[in-house]
Student: 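Encoded as structure tokens, here's the structure I'll be asking about.
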Amino acid sequence: MEYVKAARTADFSAVSKIRITLKGNDILLAKFEGDYYAIANKCPHMGGSLYDGRLEGSNIVCPRHGSVFDIKTGKTVGKGKLLFVKFSAHSVMSYPVKTEGEDILIGIE
Ligand code: FES
């Protein structure tokens, strides 16, 4: 795994999440309580763009059917709902993140 520069801390001066493509991976990079977290942007249920979802604390809500994922771990923390049926989506992949000065780096294969 290598750490690749993904963004700068200044990119978060007015927003709490951004969407980036890194080595072909579609990634949601979010800031929560001063730390940065990266997860795959694609919802494991039916591919919704998590970037387009609501960030509620450290949780991101999929805009398509409402599954909730913890941006710190990628784990599913809330069920989605399709028509009248509730379901539990798989967890989403998370990536390690570190900062070096003003740079935000993501660990990627
Ligand atoms: S696509 Fe995300 S919950 Fe269905």
Side-chain angles (χ1 to χ4, degrees):
M1 179 185 9
E2 69 172 313
Y3 279 87
V4 178
K5 182 179 172 183
R8 294 181 59 80
T9 55
D11 295 335
F12 287 86
S13 58
V15 297
S16 55
K17 58 183 167 71
I18 61 173
R19 181 180 181 177
I20 55 170
T21 301
L22 211 55
K23 289 191 162 187
N25 297 280
D26 186 12
I27 295 174
L28 166 66
L29 179 60
K31 183 178 182 182
F32 174 67
E33 293 186 341
D35 291 317
Y36 299 93
Y37 301 95
I39 60 173
N41 186 52
K42 186 177 178 181
C43 178
H45 177 231
M46 290 178 70
S49 168
L50 297 178
Y51 169 77
D52 295 324
R54 284 189 323 277
L55 188 60
E56 299 177 345
S58 67
N59 294 332
I60 189 83
V61 182
C62 179
R64 293 190 65 188
H65 311 109
S67 289
V68 185
F69 305 93
D70 186 338
I71 60 166
K72 295 192 285 188
T73 62
K75 292 199 183 315
T76 308
V77 293
K79 293 185 175 189
K81 189 174 178 185
L82 185 54
L83 299 176
F84 304 104
V85 180
K86 285 194 171 188
F87 64 89
S88 191
H90 293 289
S91 296
V92 66
M93 181 175 178
S94 71
Y95 300 88
V97 179
K98 66 179 182 180
T99 54
E100 287 181 356
E102 299 294 309
D103 295 334
I104 304 169
L105 299 93
I106 295 178
I108 204 157
E109 298 294 328

Student: What's the shortest heavy-atom distance between Pro96 and Met1, and which atoms?
Tutor: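 Scanning both residues, the minimum pair turns out to be CG-SD, 3.5 Å.
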Student: Taking salt bridge (charged side-chain N to carboxylate O under 4.0 Å, His left out) as the cut-off, I'd like each qualifying pair that reaches into residues 12-26, sequence neighbours left out, listed once.
Tutor: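 Output for this query lists Glu2-Lys23, Arg19-Asp26.
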Student: Give me the one residue out of Ile60, Asp35, Val92 that meets side-chain contact (heavy atoms from CB on, under 4.5 Å) with Ile71.
Tutor: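 Exactly one pass, corresponding to Ile60.
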Student: Working to the nearest 0.5 Å, report the span between CG of Leu22 and CD1 of Ile106.
Tutor: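 Interatomic distance, Leu22 CG to Ile106 CD1, rounded to 0.5 Å: 5.5 Å.
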Student: Extract all donor-acceptor atom pairs below 3.5 Å that involve side chains of residues 74-84 and protein atoms in other chains or at least two apart in sequence.
Tutor:
residue	atom	partner	partner atom	Å
Thr76	OG1	Ala89	O	2.8
Thr76	OG1	His90	O	3.1
Thr76	OG1	Ser91	N	3.3

Student: Roughly how far apart are Glu33 CD and Ser58 OG, rounded to 0.5 Å?
Tutor: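 The OG atom of Ser58 is 8.0 Å from CD of Glu33, to the nearest 0.5 Å.
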Student: Contact between Leu50 and Asn41 at the side-chain level, heavy atoms closer than 4.5 Å - yes or no?
Tutor: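 Answer yes - side chains close enough.
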Student: Test of understanding: clusters of I, L, V, M, F, W, Y form through side-chain heavy atoms closer than 4.5 Å, transitively. Do Phe32 and Ile39 belong to the same one?
Tutor: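 In one cluster with Phe32: Ile39, yes.
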Student: Can a cation-pi geometry be assigned to Lys98 and Tyr3, taking NZ or CZ under 6.0 Å from the six-membered ring centre and within 45° of the ring axis?
Tutor: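 Judged by the rule (NZ or CZ under 6.0 Å from the ring centre, within 45° of its axis), Lys98 counts as positioned above Tyr3.
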Student: How many angstroms lie between CG in Leu105 and OH in Tyr36, if you round to the nearest 0.5 Å?
Tutor: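 The distance works out to 12.0 Å.
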Student: Out of Ile20, Asp11, Thr9, Ile18, which residue meets the side-chain contact (heavy atoms from CB on, under 4.5 Å) rule with Ile104?
Tutor: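 Among Ile20, Asp11, Thr9, Ile18, the one meeting side-chain contact (heavy atoms from CB on, under 4.5 Å) with Ile104 is Thr9.
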Student: Measuring only between side-chain heavy atoms, which start at C-beta, is Leu29 closer than 4.5 Å to Phe12?
Tutor: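 Yes. Closest side-chain heavy atoms under 4.5 Å.
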Student: Would you confirm whether Asn25, through its side chain, and Ile27, through its main-chain N or O, come within 3.5 Å as a donor-acceptor pair?
Tutor: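 No, the answer is negative, given that no donor and acceptor are paired below the 3.5 Å cut-off.
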Student: Measure the spacing between OH of Tyr95 and CG of Leu28 and express it to the nearest 0.5 Å.
Tutor: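 Between Tyr95 OH and Leu28 CG, I get 11.0 Å after rounding to 0.5 Å.
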Student: Take the angle between the ring planes of His65 and His45 and call it parallel below 30°, perpendicular above 60°, tilted in between.
Tutor: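 Answer is perpendicular, since the angle exceeds 60°.
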Student: Between Leu55 and Lys31, which heavy-atom pair has the shortest distance, and what is it?
Tutor: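 Closest approach of Leu55 to Lys31, heavy atoms only: CD2-O, 4.3 Å.
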